[in-house]
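Notes follow the structure.
Keep in mind the model is a prediction, meaning the values are calculated, not measured.
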Protein chains: 2
Amino acid sequence: MESSIQDNIRAQMRKGLVEYCILSMLARKESYASEIIEELKKADMIVVEGTLYPLLIRAKNQGLLSYRWQESPQGPPRKYYFITEEGRKVLSCMDGIWTGIINSVDMIRKGE
Amino acid sequence: MESSIQDNIRAQMRKGLVEYCILSMLARKESYASEIIEELKKADMIVVEGTLYPLLIRAKNQGLLSYRWQESPQGPPRKYYFITEEGRKVLSCMDGIWTGIINSVDMIRKGE
DNA sequence: ATAATTACCTTGTATTACAAGATATTTCAA
DNA sequence: TTGAAATATCTTGTAATACAAGGTAATTAT
């Protein structure tokens, strides 16, 4: 099965933004994987489990996120992730990087 | 040697944008690899040869770019790449995707 | 000749996101 | 009390990207 060029481009462009988006979300309120996926879907930023779980583990190992267990009204307990102080510093830095990227692309698109 | 978390994030965020930027540049005027790298550098979008050459070849194989040889005032001949009609269609599509990504990130960043 | 400059290209590696599937806990109905 | 449904977490294997590092080749100047 072959994917279209456009699908491929959409996929490529999103790369690396996922971490920024997830840190952003968790900076406002703690959340668990299934809920994070639902909320990203609302903003058309589709992410699947196989992407999210390794990312959360990486961010936790870097000290950007931490988590606590909490019982669920139904099913197994939820792993609520929340942002750390270190994570907030990195997020603030990412804001600047993101703004810079938008400016760079804008310059290139419009012809410096 | 270990790179900082921030360097890593900067690198990740840029992924996939390079193709968009290069198609954009070539949509205004044809150019060759060394010049493309120089111009991207001006916009703080650093790209190296090992990234650019495979990308140009991929885009050519997809029919988005084509090229012609031209003698250089000094050194070996230059391979001038230019965008095709198909490339312009895809570029127009990428504009929309890029705008959509900016909107998505903005929604997520600001809390939908 | 040969060194310098300019240019093109390749190989191997780290990282990322995804597809697909495995595992575990709770509730509810038969 | 057994089993299905729902909700969760997590792992493995694969494809793709960007980069570091190095290789090849043509022209000009010394």
**Message:** Please list all pairs meeting salt bridge (charged side-chain N to carboxylate O under 4.0 Å, His left out) that have one or both residues in residues 59-83 of chain A, counting only residues at least two apart or in different chains.
**Reply:** A:Glu30-A:Arg68
Without decimals, in angstroms, what is the distance between [X] [atom1] and [N] [atom2]?
| X | N | atom1 | atom2 | answer |
| --- | --- | --- | --- | --- |
| B:Tyr53 | D:dG22 | OH | C1' | 14 Å |
| A:Tyr67 | D:dA8 | OH | P | 17 Å |
| B:Lys79 | C:dT6 | NZ | C1' | 16 Å |
| A:Tyr80 | D:dA8 | OH | C1' | 12 Å |
| A:Ile57 | D:dT9 | CD1 | C1' | 9 Å |
| B:Lys41 | D:dC19 | NZ | P | 13 Å |
| B:Arg78 | C:dT5 | CZ | C1' | 12 Å |
| A:Tyr20 | C:dT16 | OH | P | 18 Å |

**Request:** Could you state whether A:Met107 and A:Ile102 fall into the same hydrophobic cluster, counting links through intermediate Ile, Leu, Val, Met, Phe, Trp or Tyr residues with side-chain heavy atoms under 4.5 angstrom apart?
**Result:** no
**Asked** According to a strict under-4.0 Å criterion, is B:Tyr32 in side-chain N/O contact with OP1 or OP2 of C:dA7?
**Response** yes
**Message:** On the nucleotide D:dA15, are OP1 or OP2 found under 4.0 Å from the side-chain N or O atoms that B:Arg58 carries?
**Reply:** no
**Complete:** When rounded to the nearest 0.5 Å, the distance separating CG of A:Leu55 from CG of A:Leu65 is 8.0 Å
**Asked** For the atom pair CG (B:Leu40) and CD1 (B:Ile22), what is the distance rounded to the nearest 0.5 Å?
**Response** 5.5 Å
**Message:** Generate the contact string for nucleotides 25-30 of chain D. Rules: B means base contact, S means sugar-phosphate contact only, - means no protein heavy atom under 4.0 Å.
**Reply:** BBS---
**Among D:dC10, D:dA8, C:dA7, the one nearest B:Ser34 by side-chain distance** = C:dA7
**Request:** Compare the minimum distances between each of D:dT9, D:dC19, C:dC18 and the side chain of A:Val48, then state the nucleotide with the smallest one.
**Result:** C:dC18
**Prompt:** If you group Ile, Leu, Val, Met, Phe, Trp and Tyr whenever their side-chain heavy atoms sit less than 4.5 Å apart, what else falls in with A:Tyr32?
**Reply:** A:Tyr80
**Request:** May I ask you to say whether A:Glu38 pairs ionically with A:Lys41, meaning some side-chain N is under 4.0 Å from a carboxylate O?
**Result:** yes
**Any N/O donor-acceptor pair, B:Glu49 side-chain to D:dC19 base, under 3.5 Å** = no
**Heavy-atom side-chain proximity of A:Arg88 to A:Ser92 below 4.5 angstrom** = no
